[in-house]
**Q** 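This structure is in structure tokens; I'll ask about it shortly.
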Amino acid sequence: MNLVRDMLAGNRQALARLISKVENRDGEVSKIIAELYPKTGRAQVWGITGPPGAGKSTLVDQLVLQLRAKKKRVAVVAVDPSSPFSGGAVLGDRIRMQRHAGDRGVYIRSLGTRGKRGGLSHATKEVLFILDAAGFDIILVETAGVGQTELDVLNIAQTVVVVLVPESGDSIQVMKAGLMEIADVFAVNKSDRPESDRLVHELKTMVGMQDHDENTWLAPILKTEAHRSVGVDSLLKSIESHQEFTTRSGEKQIKAEEFILNEVTDILSEKLSLSLIKIFESKDGQKILKELYHKKLDPYVAADRFSKIISKS
Ligand SMILES: Nc1nc2c(ncn2[C@@H]2O[C@H](COP(=O)(O)OP(=O)(O)OP(=O)(O)O)[C@@H](O)[C@H]2O)c(=O)[nH]1
Ligand SMILES: [Mg+2]
């Protein structure tokens with residue numbers, strides 16, 4: 001059975017198995033990517049982030065509905081660095097997303113860490129290759145929280161929507177969490193609650209304070225009530241405007257090149273750390289380490305010796 005061929009022919013099971021292989025860092029990943037890479041480059045990747053419980057999944061669900069009405073094929077990837085589980089959306093999301101279950105134009109998948117640190121953003125990138133090659137027009141990547149993994153994952157997205165709620169704190173916290181730099185669009189969700197106008201006002205002030213001229217994209221701030229589908233159409237329009245803007249400005253092409261460079265960097269670091277472990281365990285490596293521990297070598301000289309061994313191997 002050729003998984004890639006079956007996946008390209010629209011087989012869902014093949015798609016799920018390919019994603020699991022990437023997630024588990026299966027030995028066949030390089031072969032899979034080699035087959036798929038030429039078929040990538042069409043999908044738009046939208047990142048959706050924000051504090052836990054802000055309404056990200058509810059918004060994603062609504063966006064999927066609206067995109068389906070426009071006949072777009074949509075994939076949703078929920079990235080949860082804290083979760084070792086994967087293969088299906090977490091319970092609440094699964095119930096919410098059930099309405100898309102019979103729809104062949106929608107694919108929903110969660111990605112967890114499977115006990116491996118650092119590899120999640122690499123795996124996510126490769127999952128995006130698969131979904132892109134599978135012909136999805138738009139891939140929505142939902143991440144919660146604001147750790148380094150989440151920021152790495154969001155770096156992959158062409159457009160990032162930061163979802164905030166009145167009770168998630170003020171704009172100072174937004175700045176601290178590094179969300180200001182990554183936000184292309186702000187959604188102030190649960191705008192049925194009091195205090196949402198204050199948050200909108202604060203965000204407007206903050207966005208307006210950024211250095212900008214007529215060629216700068218200033219993140220628009222949209223009020224939404226995801227559970228009642230209020231404001232979702234305007235949010236969608238803002239995301240689409242941002243996509244058009246980055247295409248016109250050339251930013252999209254730069255991002256695409258960064259994405260590939262990141263992928264190659266990830267592959268190289270994976271390879272390097274594996275060969276480093278081997279060298280540390282080798283006879284020569286053990287000798288260098290011993291001298292280092294006994295202060296006969298300093299760390300820089302030791303590193304030089306190791307890099308000489310690597311360049312010879
Ligand atoms: N009042 C109100 N509740 C909302 C709104 N949007 C979503 N909710 C509710 O907020 C709760 C959390 O929504 P989710 O969509 O699961 O939030 P999330 O950001 O995906 O949560 P995590 O993935 O756990 O971080 C649910 O009970 C939603 O029904 C809104 O606009 N107003
Ligand atoms: Mg969620």
**Q** Has the side chain of Arg104 got a donor or acceptor atom that lies under 3.5 Å from a matching backbone atom of Gly10?
**A** yes

**Q** Leu236 vs Leu67, test: side chain to side chain contact (heavy atoms under 4.5 Å, CB included). Steps then yes/no.
**A** CA-CA 9 Å; Leu236 190 55; Leu67 289 167; 3.9 Å; yes

**Q** Would you indicate whether the side-chain heavy atoms of Met7 and Leu36 approach each other to under 4.5 Å?
**A** yes

**Q** Would you check if the side chain of Lys252 reaches a backbone N or O of Glu244 as a donor-acceptor pair within less than 3.5 Å?
**A** no

**Q** Which label fits Phe136 and Tyr107: parallel for a plane angle under 30°, tilted from 30 to 60°, or perpendicular past 60°?
**A** tilted

**Q** Quick one: do Glu263 and Lys125 make a salt bridge, cutoff under 4.0 Å?
**A** no

**Q** Heavy atoms, side chains only, cut-off 4.5 Å: are Ile310 and Leu272 in contact?
**A** yes

**Q** For a 4.5 angstrom cut-off between non-hydrogen side-chain atoms, does Met209 reach Met180?
**A** no

**Q** Provide the closest heavy-atom pair for Asn189 versus Ala54 in the form atom of the first, atom of the second, distance.
**A** ND2-O, 2.8 Å

**Q** Under a single-linkage definition using a 4.5 Å side-chain heavy-atom cutoff for Ile, Leu, Val, Met, Phe, Trp and Tyr, are Val77 and Val29 assigned to the same hydrophobic cluster?
**A** yes

**Q** Taking atom CG of Leu3 and atom CZ of Arg17, what is their separation to the nearest 0.5 Å?
**A** 5.0 Å

**Q** Once rounded to the nearest 0.5 Å, what's the spacing between atom CG of Asp284 and atom NZ of Lys308?
**A** 13.0 Å

**Q** More than 12 heavy atoms of other residues, nucleotides or ligands under 6.0 Å from OH of Tyr37: yes or no?
**A** no

**Q** How close do Ser196 and Lys223 get, counting heavy atoms only, and between which atoms?
**A** OG-CE, 4.0 Å

**Q** Any idea how Trp217 and Phe245 line up, ring-wise: parallel (<30°), tilted (30 to 60°), or perpendicular (>60°)?
**A** tilted

**Q** With a 4.5 Å limit on heavy-atom distance, are the side chains of Leu268 and Thr265 in contact?
**A** no

**Q** Under a 4.5 Å cut-off applied to non-hydrogen side-chain atoms, are Gln66 and Ser229 in contact?
**A** yes

**Q** Would you check if Ile19 and Leu131 make a side-chain contact, meaning some heavy-atom pair closer than 4.5 Å?
**A** yes

**Q** If hydrophobic clusters are built by linking Ile, Leu, Val, Met, Phe, Trp and Tyr wherever their side-chain heavy atoms come under 4.5 Å apart, do Leu218 and Val200 end up in the same one?
**A** yes

**Q** Are the side chains of Asp192 and His227 in contact, using a 4.5 Å heavy-atom criterion?
**A** yes

**Q** Is Leu222 linked to Val230 within one hydrophobic cluster, defined over Ile, Leu, Val, Met, Phe, Trp and Tyr using a side-chain heavy-atom separation of less than 4.5 Å?
**A** no

**Q** Could you tell me whether Lys255 atom NZ has more than 12 heavy atoms of other residues or ligands within 6.0 Å of it?
**A** yes

**Q** Would you please test Gln62 and Thr224 for side chain to side chain contact (heavy atoms under 4.5 Å, CB included) and show each step?
**A** CA-CA 11 Å; Gln62 294 292 339; Thr224 57; over 6 Å; no

**Q** Quick check: does any side chain N or O of Thr49 sit under 3.5 Å from a backbone N or O of Val162, one acting as donor and the other as acceptor?
**A** no

**Q** Does Gln286 use its side chain to pair, donor to acceptor, with the backbone of Phe280 at less than 3.5 Å?
**A** yes

**Q** If you compare all heavy atoms of Ala302 against all heavy atoms of Leu292, which two are closest, and at what distance to 0.1 Å?
**A** CB-CD1, 4.1 Å

**Q** Let me check something: do Ile267 and Leu128 share a hydrophobic cluster, defined by ILVMFWY side-chain heavy atoms less than 4.5 Å apart, either directly or through other members?
**A** no

**Q** Return the CD1 to NZ distance between Ile48 and Lys56, rounded to the nearest 0.5 Å.
**A** 10.0 Å

**Q** Assess the residue pair Leu15 and Leu18 against the criterion (side chain to side chain contact (heavy atoms under 4.5 Å, CB included)); give the C-alpha distance rounded to whole Å, side-chain angles, the decisive distance to 0.1 Å, and a yes or no.
**A** CA-CA 5 Å; Leu15 174 63; Leu18 283 174; 5.7 Å; no

**Q** Do other residues, nucleotides or ligands put more than 12 heavy atoms under 6.0 Å from the NZ atom of Lys204?
**A** no

**Q** Sort and list the pairs that fulfil ring pair (Phe, Tyr, Trp, His ring centres under 6.0 Å) and have at least one residue in residues 174-206, not counting sequence neighbours.
**A** none

**Q** Quick check: are there more than 12 heavy atoms from other residues, nucleotides or ligands sitting under 6.0 Å from CG of Asp211?
**A** no

**Q** For Arg25 and Val22, work out which heavy atoms get closest and say how close.
**A** NH1-O, 2.8 Å

**Q** Got a second to check how far Glu258's CD is from Ile260's CD1, nearest 0.5 Å?
**A** 11.5 Å

**Q** Check whether any side-chain heavy atom of Ile239 lies under 4.5 Å from a side-chain heavy atom of Asp184, and answer yes or no.
**A** no

**Q** I'd like to know if Lys39 pairs up with Asp132 as an ion pair, taking the criterion as any Lys NZ or Arg NE/NH1/NH2 lying under 4.0 Å from an Asp or Glu carboxylate oxygen.
**A** no

**Q** Of Arg73, Lys71, Arg68, Arg12, which meets salt bridge (charged side-chain N to carboxylate O under 4.0 Å, His left out) against Asp103?
**A** Arg68

**Q** Nearest 0.5 angstrom please: Phe306 CZ to Leu276 CG, how far?
**A** 8.0 Å

**Q** Side-chain heavy atoms under 4.5 angstrom apart, residues restricted to Ile, Leu, Val, Met, Phe, Trp, Tyr: same cluster for Leu289 and Tyr300?
**A** no

**Q** For Gln158 and Gln44, test the side chains for any donor-to-acceptor distance below 3.5 angstrom and give the result as yes or no.
**A** no

**Q** If you round to the nearest 0.5 Å, how far is CD1 of Ile254 from CG of Leu261?
**A** 13.0 Å

**Q** In terms of side-chain heavy atoms, does Asp61 have a donor or acceptor partner in Thr58 at a distance below 3.5 Å?
**A** no

**Q** Under the criterion side chain to side chain contact (heavy atoms under 4.5 Å, CB included), I'd like the reasoning laid out for Ile156 against Val141: C-alpha separation, chi angles, the key distance, then a yes or no.
**A** CA-CA 9 Å; Ile156 298 167; Val141 183; over 6 Å; no

**Q** If we ignore hydrogens and angles and just use 3.5 Å, is the side chain of Asn24 paired with the main-chain N or O of Asp26 as donor and acceptor?
**A** no

**Q** Does a side-chain N-to-carboxylate-O contact under 4.0 Å join Arg198 and Glu202?
**A** yes

**Q** If every non-hydrogen atom of Lys21 is compared with every non-hydrogen atom of Ile32, which pair is closest and at what distance?
**A** CD-CD1, 3.8 Å

**Q** How close do Val160 and Leu154 get, counting heavy atoms only, and between which atoms?
**A** CG2-O, 3.7 Å

